Amino acid sequence: MDLKRMSRFIERSDRAGKVQIAGIKLRCCVDLDRLEASMQEIDSEGRFGKPLVTRYPAFDLVVCDYGGFELLGCGASVDADLRRVTLVVQVRGLAALAHALAHSQEAVMVGSNLTLDGTSLRLCLRDGLVVECVEAA
């Protein structure tokens with residue numbers, strides 16, 4: 001699913017117009033021991049600037065934010081569902097989106113969680129794409 005299709009999917013799901021898309025990021029997860037090599041490979045391509053690197057030792061996680069792209073270094077304790085997320089959509093109106101999706105057949109809601117950034121709703125779309133919708137605290 002490309003970014004335009006994801007945007008249309010949310011718009012279709014939210015017929016009441018209560019959800020706003022604030023941003024969309026692609027995400028790639030690698031094992032923590034491959035993080036430095038992956039960052040060097042990204043740097044060598046010259047497509048992104050320097051990332052904002054945030055380390056969460058308590059969660060065995062490192063987030064490298066390149067703007068429209070996130071590279072996550074995941075330790076062994078990071079749950080497999082998080083590793084499957086390939087698209088992060090920042091939204092306003094997460095509760096309205098969850099309500100709309102509960103009445104549709106577009107996606108399976110995996111669950112709502114408190115995250116480091118706010119509240120998230122993980123979706124598994126029919127085509128297998130796993131999307132994390134996040135509303136900032």
Side-chain angles (χ1 to χ4, degrees):
M1 175 177 280
D2 61 33
L3 300 180
K4 287 182 184 179
R5 280 184 55 211
M6 183 64 211
S7 192
R8 286 193 306 266
F9 164 75
I10 290 176
E11 289 168 3
R12 275 195 325 271
S13 300
D14 176 40
R15 290 185 175 82
K18 295 180 181 175
V19 179
Q20 295 177 331
I21 298 173
I24 298 177
K25 291 183 180 192
L26 297 174
R27 178 183 284 172
C28 178
C29 296
V30 298
D31 289 334
L32 209 44
D33 62 353
R34 291 273 313 130
L35 181 63
E36 290 300 322
S38 298
M39 289 175 69
Q40 288 175 0
E41 188 175 328
I42 290 169
D43 288 345
S44 72
E45 291 177 8
R47 296 175 71 190
F48 299 100
K50 282 281 200 195
L52 173 61
V53 178
T54 309
R55 298 179 188 282
Y56 300 99
F59 298 101
D60 211 14
L61 182 71
V62 177
V63 178
C64 303
D65 189 340
Y66 288 89
F69 173 69
E70 284 183 342
L71 176 66
L72 270 60
C74 303
S77 66
V78 173
D79 112 345
D81 283 341
L82 177 65
R83 292 173 183 259
R84 292 180 50 221
V85 173
T86 55
L87 199 61
V88 178
V89 181
Q90 292 111 4
V91 298
R92 291 183 197 95
L94 188 63
L97 178 61
H99 179 75
L101 288 170
H103 297 78
S104 84
Q105 308 245 327
E106 296 285 332
V108 174
M109 290 185 287
V110 177
S112 180
N113 299 304
L114 288 176
T115 67
L116 301 167
D117 300 322
T119 305
S120 73
L121 177 65
R122 197 165 294 151
L123 308 173
C124 185
L125 305 184
R126 279 193 246 165
D127 63 3
L129 183 69
V130 180
V131 177
E132 186 109 43
C133 296
V134 179
E135 184 168 41

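Owing to the predicted nature of the structure, the values given are computational and were not obtained by experimental measurement.
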Could you pull out the closest heavy-atom pair between Val63 and Tyr56, with the gap in Å? CG2-CE1, 3.9 Å

Would you check if Glu135 and Leu121 make a side-chain contact, meaning some heavy-atom pair closer than 4.5 Å? no

Assigning hydrophobic clusters by single linkage (Ile, Leu, Val, Met, Phe, Trp, Tyr; side-chain heavy-atom cutoff under 4.5 Å), is Leu125 placed with Val19? yes

How long is the gap from OG1 on Thr86 to CG on Leu129, to the nearest 0.5 Å? 4.0 Å

Establish whether Met109 and Ile21 are linked, either directly or via other cluster members, by ILVMFWY side-chain heavy-atom contacts under 4.5 Å. yes

Run the side-chain donor-acceptor check on residues 34-48: report pairs under 3.5 Å with partners two or more places apart or on a different chain.
{"unit_1": "Ser38", "atom_1": "OG", "unit_2": "Arg34", "atom_2": "O", "d": "2.9"}
{"unit_1": "Ser44", "atom_1": "OG", "unit_2": "Glu41", "atom_2": "O", "d": "2.7"}

Show me the donor-acceptor pairs within less than 3.5 Å that the side chains of residues 64-77 make with the rest of the protein, sequence neighbours left out.
{"unit_1": "Asp65", "atom_1": "OD1", "unit_2": "Lys25", "atom_2": "NZ", "d": "3.1"}
{"unit_1": "Asp65", "atom_1": "OD1", "unit_2": "Gly67", "atom_2": "N", "d": "2.8"}
{"unit_1": "Asp65", "atom_1": "OD2", "unit_2": "Lys25", "atom_2": "NZ", "d": "2.6"}
{"unit_1": "Glu70", "atom_1": "OE1", "unit_2": "Arg27", "atom_2": "NE", "d": "3.0"}
{"unit_1": "Glu70", "atom_1": "OE1", "unit_2": "Arg27", "atom_2": "NH2", "d": "3.0"}
{"unit_1": "Ser77", "atom_1": "OG", "unit_2": "Asp60", "atom_2": "OD2", "d": "3.2"}

Answer whether the closest heavy-atom distance between the side chains of Val130 and Asp81 falls below 4.5 Å. no

When every non-hydrogen atom of Val85 is compared with those of Val131, the smallest separation belongs to CG1-C, 4.5 Å

Hey, could you give me the SG/CG distance between Cys133 and Leu123, rounded to the nearest 0.5 Å? 4.5 Å

Do the side chains of Leu52 and Val88 join up, straight or via other hydrophobic residues, at under 4.5 Å, putting them in one cluster? no

Sub-4.5 Å side-chain heavy-atom contact between Leu26 and Leu87: yes

Before giving the answer on side chain to side chain contact (heavy atoms under 4.5 Å, CB included), spell out for Asp31 and Arg83 the whole-Å C-alpha distance, their side-chain angles and the decisive distance to 0.1 Å. CA-CA 9 Å; Asp31 289 334; Arg83 292 173 183 259; 2.9 Å; yes

